[in-house]
Amino acid sequence: MRILLLEDEPGLGRAVQEHLTLAGHQVAWARSVADAEERLASGNPDLVLLDLRLPDGSGLDLLGGMRARGDRRPVIIMTARDQISDRIAGLNAGADDYLVKPFDLAELVARTQAVSRRSFGEQAVTCDEGAISLDFTGCVATRQGEPVPLTAREWELLHLLARRPGAVVAREQMEDKLGFIAAETGGNALEVYISRIRRKLGPGVIETLRGVGYRLRP
Ligand code: CA
């Protein structure tokens with residue numbers, strides 16, 4: 001999983017980065033809100049670990065901005081024991097969980113995995129002007145009310161697009177995320193999967209933005 005870590009304390013930031021890396025995650029470490037905003041846009045993280053008090057502002061600004069844009073990627077806030085009001089504000093702003101500093105690094109790993117599973121499982125979206133409904137909990141897709149069987153790979157691809165409804169996901173990010181190998185179907189595995197999904201769910205469900213990427217039509 002790709003994790004964006006926003007933390008300005010060098011010791012804690014380093015420890016968290018090292019521990020999550022050992023657990024098999026890719027961690028991008030931002031030390032300021034501005035840096036995190038940039039990495040959020042360019043790095044396509046799966047989960048955000050958020051300190052709230054940063055030199056250039058509050059982590060809540062980042063969280064508020066994400067939720068206002070319809071970005072539902074999971075966010076875990078990290079606060080000090082005496083900052084209960086921060087924690088409540090964080091949860092109200094749409095955080096998925098919180099950790100109280102100092103926390104156990106093994107617990108951090110467990111929480112990130114739990115939040116990530118939960119955010120995958122709870123999601124259900126409608127798209128293509130309501131014609132298609134995708135329930136990621138039970139892996140049930142319907143087109144005009146009729147169930148449509150999809151493969152695990154197709155679900156994975158749709159989930160990637162559904163995390164930010166209407167937002168464009170870059171082609172490279174999708175290929176990378178889905179672990180497509182260039183040799184697979186002659187280097188255009190992604191197009192193959194997308195055309196299969198279009199055959200099943202209708203031509204309009206995934207829009208191609210030439211040279212940019214793909215998006216789920218809301
Ligand atoms: Ca701080």
Side-chain angles (χ1 to χ4, degrees), residues 1-123 159-170 172-174 176-177:
M1 177 157 64
R2 286 169 210 254
I3 297 174
L4 171 62
L5 165 68
L6 174 53
E7 175 58 68
D8 63 320
E9 285 171 52
L12 180 60
R14 199 174 307 116
V16 168
Q17 185 180 41
E18 280 175 9
H19 210 81
L20 288 170
T21 304
L22 280 174
H25 303 292
Q26 290 170 263
V27 183
W29 178 12
R31 276 93 165 160
S32 67
V33 177
D35 189 9
E37 291 279 10
E38 201 182 303
R39 288 168 189 265
L40 189 63
S42 63
N44 202 26
D46 303 301
L47 180 140
V48 182
L49 276 173
L50 208 59
D51 177 27
L52 294 184
R53 301 192 177 185
L54 284 308
D56 64 337
S58 168
L60 285 178
D61 298 338
L62 186 91
L63 173 59
M66 284 175 70
R67 297 304 185 241
R69 291 191 295 271
D71 184 339
R72 293 182 292 180
R73 284 180 284 182
V75 173
I76 299 178
I77 56 178
M78 306 179 290
T79 61
R81 195 166 292 282
D82 60 351
Q83 295 167 359
I84 296 167
S85 58
D86 276 2
R87 219 178 304 157
I88 293 168
L91 291 171
N92 283 339
D96 297 88
D97 200 357
Y98 66 86
L99 280 160
V100 177
K101 294 178 187 175
F103 45 79
D104 184 73
L105 290 168
E107 187 183 358
L108 169 71
V109 172
R111 295 276 196 100
T112 54
Q113 276 152 1
V115 162
S116 166
R117 267 198 308 274
R118 215 155 62 214
S119 98
F120 184 94
E122 279 175 3
Q123 205 173 24
H159 183 253
L160 197 58
L161 292 167
R163 286 191 311 177
R164 297 156 72 197
V168 180
V169 182
E172 296 75 30
Q173 286 170 351
M174 296 179 74
D176 190 27
K177 179 81 193 174

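Here the structure is a predicted model, which is why all the values come from computation and not from measurement. We count ligands from 1, going down the list as the structure has it; atoms in each ligand are counted the same way.
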Could you tell me whether the side chain of [X] and the main chain of [Y] form a donor-acceptor pair under 3.5 Å?
{"X": "R67", "Y": "A93", "answer": "no"}
{"X": "D46", "Y": "R2", "answer": "yes"}
{"X": "D86", "Y": "T79", "answer": "no"}

Would you list the atom pairs, donor with acceptor, under 3.5 Å between side chains in residues 26-33 and any protein atom, with sequence neighbours excluded?
from, atom 1, to, atom 2, distance (Å)
W29, NE1, E7, O, 2.9
R31, NH1, W29, O, 3.3
S32, OG, D35, N, 3.1

Q. Looking at L4, L5, L6, V48, which hits side-chain contact (heavy atoms from CB on, under 4.5 Å) with R39?
A.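 For R39, the side-chain contact (heavy atoms from CB on, under 4.5 Å) test succeeds with only one of L4, L5, L6, V48, which is L4.
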* For the Ca ion (ligand 1), report each protein N, O or S atom nearer than 3.0 Å, sorted by chain and then by residue number. =>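 Less than 3.0 Å away from the Ca ion (ligand 1) sit D8 OD1, D51 OD2, R53 O.
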Separation between CG (L99) and CG (L108), nearest 0.5 Å, reads 5.5 Å
